[in-house]
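The analysis underlying the following values was restricted to heavy atoms, covering all of them including side chains, and did not include hydrogens, waters or symmetry mates. Order of listing sets the numbers, starting from 1, for every ligand and every atom in it.
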Amino acid sequence: MRVLVIEDEALLREQLAQALRGAGYTVDVAADGTEGLYAFTELPVDLAIVDLGLPRLGGLDVVRRARAAGKRIPVLILTARDRWQDKVEGLQAGADDYVTKPFQVEEVLARVQALLRRAGGYADPVLRVGPIALDTRTQDVQVDGKWIELTTFEYRLLEYLVLHAGEVVSKAELTDKLYEQDFERDSNTIEVFVGRLRRKLDPDDRFQPIETLRGRGYRLQGARETPPAR
Ligand code: CA
């Protein structure tokens, strides 16, 4: 999953980016509202963290304009503690949740996870599709009740497929979501990772959950056990 951080305080921006990367997200950063709005509307991000006090274009305007441009992804705003009006205005502008400064990075991560899960139609932090159970809090994965070991990249790939279970996901989309902008992209590496993930999920080739649709991409098969939250 790809997360955009729009924050003008360099230290805070880097702290958030680092924590998000550590949690397995692909991260894009922007240091002011104009740059942020551009990234929000042009990059294939899955969630935006928007500071309200931004130079050039305020955070509220970033959210309003992105929503007006049809961007529906979850938005988490960062507000000053003593400004309750900001929270109300932020939510009215189209934000989904807020965190007040100063905050613990863990709180931001927890809210990001919850927003992405709900956007994917899951109410529970453990995502279940067929025999696969993926705990978004700990990044533990079980298949038929047995733990399996995944690398960070394999986990991110699986989480993306699980959040889009039943949908066709193209290789280009996976490349966009799982690699950062400056990373040398090669869709062939996605094939390698999908192959590895398949072997780990189903070493005996019993139920092969990841279907390949020639020329179109991949589809994780199986029904979600948790009914959609919205
Ligand atoms: Ca600020």
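A side-chain hydrogen bond (donor to acceptor under 3.5 Å, both in side chains) with R2 is found for one member of D46, T26, D28 and no other, namely D28.
Considering only residues two or more places apart in sequence or on other chains, D205 meets the side-chain contact (heavy atoms from CB on, under 4.5 Å) condition with D202, Q208. R219 meets the side-chain contact (heavy atoms from CB on, under 4.5 Å) test with V168, E211, L213; sequence neighbours excluded. Residues passing the side-chain contact (heavy atoms from CB on, under 4.5 Å) test with T152 are R156, sequence neighbours excluded.
For the pair K146 and D144, the salt-bridge criterion is not met [side-chain N within less than 4.0 Å of a carboxylate O].
Judged by distance alone, with hydrogens and angles left aside, the side-chain atoms of T136 form a donor-acceptor pair with the main-chain N or O of P125 at under 3.5 Å.
Near the Ca ion (ligand 1), less than 3.0 Å away, sit the protein N, O or S atoms D8 OD1, D51 OD2, G53 O.
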